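Throughout, protein chains are lettered first and strands after them, A, B, ... in sequence-line order, and every chain is numbered starting at 1. Because the structure is a prediction, the values reported are computed rather than measured.
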2 protein chains.
Amino acid sequence: MDKIKQNTLHGEVAARIRDMIDAGTLAPGSRVPEKQLCEQFGVSRTPLREALKVLASEGFVELLPNRGARISKLTIDTLQHTLEVMSALEGLSGELACAHISEAELANIEALHYQMLAYYKNTNMAEYLLTNQQIHEAIVVASRNDVLIDVYKSLNQRVRRVRFSAELSREYWAKAVQDHEDIIAALRRRDSEALGQILRRHLSDKVEVSSLAGMAEQKNLP
Amino acid sequence: MDKIKQNTLHGEVAARIRDMIDAGTLAPGSRVPEKQLCEQFGVSRTPLREALKVLASEGFVELLPNRGARISKLTIDTLQHTLEVMSALEGLSGELACAHISEAELANIEALHYQMLAYYKNTNMAEYLLTNQQIHEAIVVASRNDVLIDVYKSLNQRVRRVRFSAELSREYWAKAVQDHEDIIAALRRRDSEALGQILRRHLSDKVEVSSLAGMAEQKNLP
DNA sequence: ATTGCCAGAATTGAATTCAAAATATAAAAT
DNA sequence: ATTTTATATTTTGAATTCAATTCTGGCAAT
């Protein structure tokens, strides 16, 4: 869609590595093959290593002294913690969005909502999850808080891989859809109190976490 | 106190540059003098530039294509946005802390609280702010959520410079102290609902923001 | 067969080098 | 004298180089 144009070389490399982690081409726990990636990307080690430093500060890789970088594993704990923080941020987004959202944005979110309902009825989980994600991002963007948007996107990026391979139980799925009805209603009447409350609980629900648990690593031991 | 030992060179350099920004040695809006800093730190440009990439991803500096890095200015908007996000995170911390805090931690927080009250009575603003900060950090740590702790610390670091030079009005100060009484009380009775609510409102109060506004830049124009 | 040791190879971290871009300085033109 | 143009200098971005460390594989000892 609207991909952000990375004008720095190390930024470009970092984006590529993130994608490779998402795609599983670089497996969690494995070492980062500097030389090989350099050849693959056609760059020298300098920008690649710069990218690794940035990715380390984002939590995608860990730097091991004198033995390069290793792809971070996503622990169940870390996943749970990340979803908790994202919930808090979504709660704030909801409150702020009530104050700042435009009619056009609201209309767009409603359209996405009905689209999502259709995917739910058809049990099309992949498309459902994608649309669901778009709704949440749209609310976050409507907060008009750039710091919030950045932090949210960064955390989301970190857990995206496992979130999109989730297996939702029938009960959880029904509950999530009901939540979304409530979210749209609260947003439509600009009820920031209610919207904040729903969003703070919506994601961090243990149900989703446990449904995701299978995708994440049990522990981060060597 | 318990400073984290940085074992990577670029990490060390990044920490030093953060400190220099905090201290005002590197002025917001000014260009980063690579060569000079290299001599000062006794390192080559490679680790220094790695540090700059990390600092850029943390928001401390901006990278300008082909003209190096510039120290970020802290806009009033960014300050406001950051405090809003920190409030949301503190709210979550409070809720989680109620479930996880140990007696020893609670006792420590109470001790800090009484110490802070003394500073308030003596109108010792600098020490008050420091102790206040310690209380909030202790609650965040008690959440036992590592992602939360990391994100909070990162945001806090970003606004620390201006927060510690705040000028609190008498009314705001009194209100903040009252909030803290309520915070301690809620924490003591493990009332996560109440604590979450107080903490979500405590910081983002417009009053503090406006009191800090004088310290931040009006706009981020070139 | 397993463990310990050592040389050689590969990898890493950081300094250095090099080309391109930006900035500063000087000369020329009006 | 001021503006413009040309040239030199500095600075930046990225590749290359180099020393230090880690990894690998083979050989010897038990």
- Message: Taking any heavy-atom pair under 4.0 Å as a contact, classify A:Leu64: base, sugar-phosphate, or nothing.
- Response: sugar-phosphate
- Message: Need one value for A:Glu34: base, sugar-phosphate or nothing, where a base atom within 4.0 Å counts as base even if backbone is also close, heavy atoms only.
- Response: sugar-phosphate
Could you work out which one of [options] sits closest to the side chain of [X]?
X: A:Pro47; options: C:dA15, D:dA14, D:dT12; value: D:dA14
X: B:Arg67; options: C:dT23, C:dA15, D:dA14; value: C:dT23
X: A:Lys35; options: D:dT11, D:dC23, C:dT11; value: C:dT11

- Heavy-atom donor-acceptor pair, B:Arg45 side-chain to D:dG13 base, under 3.5 Å: yes
- Query: Ignoring hydrogens and angles, are the base of C:dA15 and the side chain of B:Thr46 linked by a donor-acceptor pair under 3.5 Å?
  - Reply: yes
- Item | Polar side chain donor-acceptor pair, B:Tyr152 to B:Glu90, under 3.5 angstrom | yes
Starting at [atom1] of [X] and ending at [atom2] of [N], how long is that distance when rounded to a whole Å?
X: A:Glu12; N: D:dA14; atom1: CD; atom2: C1'; result: 15 Å
X: A:Leu63; N: C:dT11; atom1: CG; atom2: P; result: 18 Å
X: B:Leu48; N: D:dT11; atom1: CG; atom2: P; result: 14 Å
X: A:Leu37; N: C:dT12; atom1: CG; atom2: P; result: 10 Å
X: B:Arg49; N: C:dT16; atom1: CZ; atom2: C1'; result: 14 Å
X: B:Asn66; N: C:dA19; atom1: CG; atom2: C1'; result: 12 Å
X: A:Glu39; N: D:dA15; atom1: CD; atom2: P; result: 13 Å
X: A:Glu50; N: C:dG13; atom1: CD; atom2: P; result: 14 Å

- Item | Single hit among A:Leu148, A:Leu96, A:Val147 for side chain to side chain contact (heavy atoms under 4.5 Å, CB included) with B:Glu84 | A:Leu96
- Message: With a cut-off of less than 4.0 Å, is there a side-chain N or O of B:Arg31 near OP1 or OP2 of D:dT12?
- Response: yes
- Task: For a side chain to side chain donor-acceptor pair (under 3.5 Å) with B:Asn132, tell me which candidate from B:Glu127, B:His180, B:Glu137 qualifies.
- Result: B:His180
- What class does the angle between the rings of A:His202 and A:His136 fall in, given that below 30° is parallel, 30 to 60° is tilted and above 60° is perpendicular? parallel
- Task: Nearest 0.5 Å please: distance from the CE atom of B:Met86 over to the CG atom of B:Leu79.
- Result: 10.0 Å
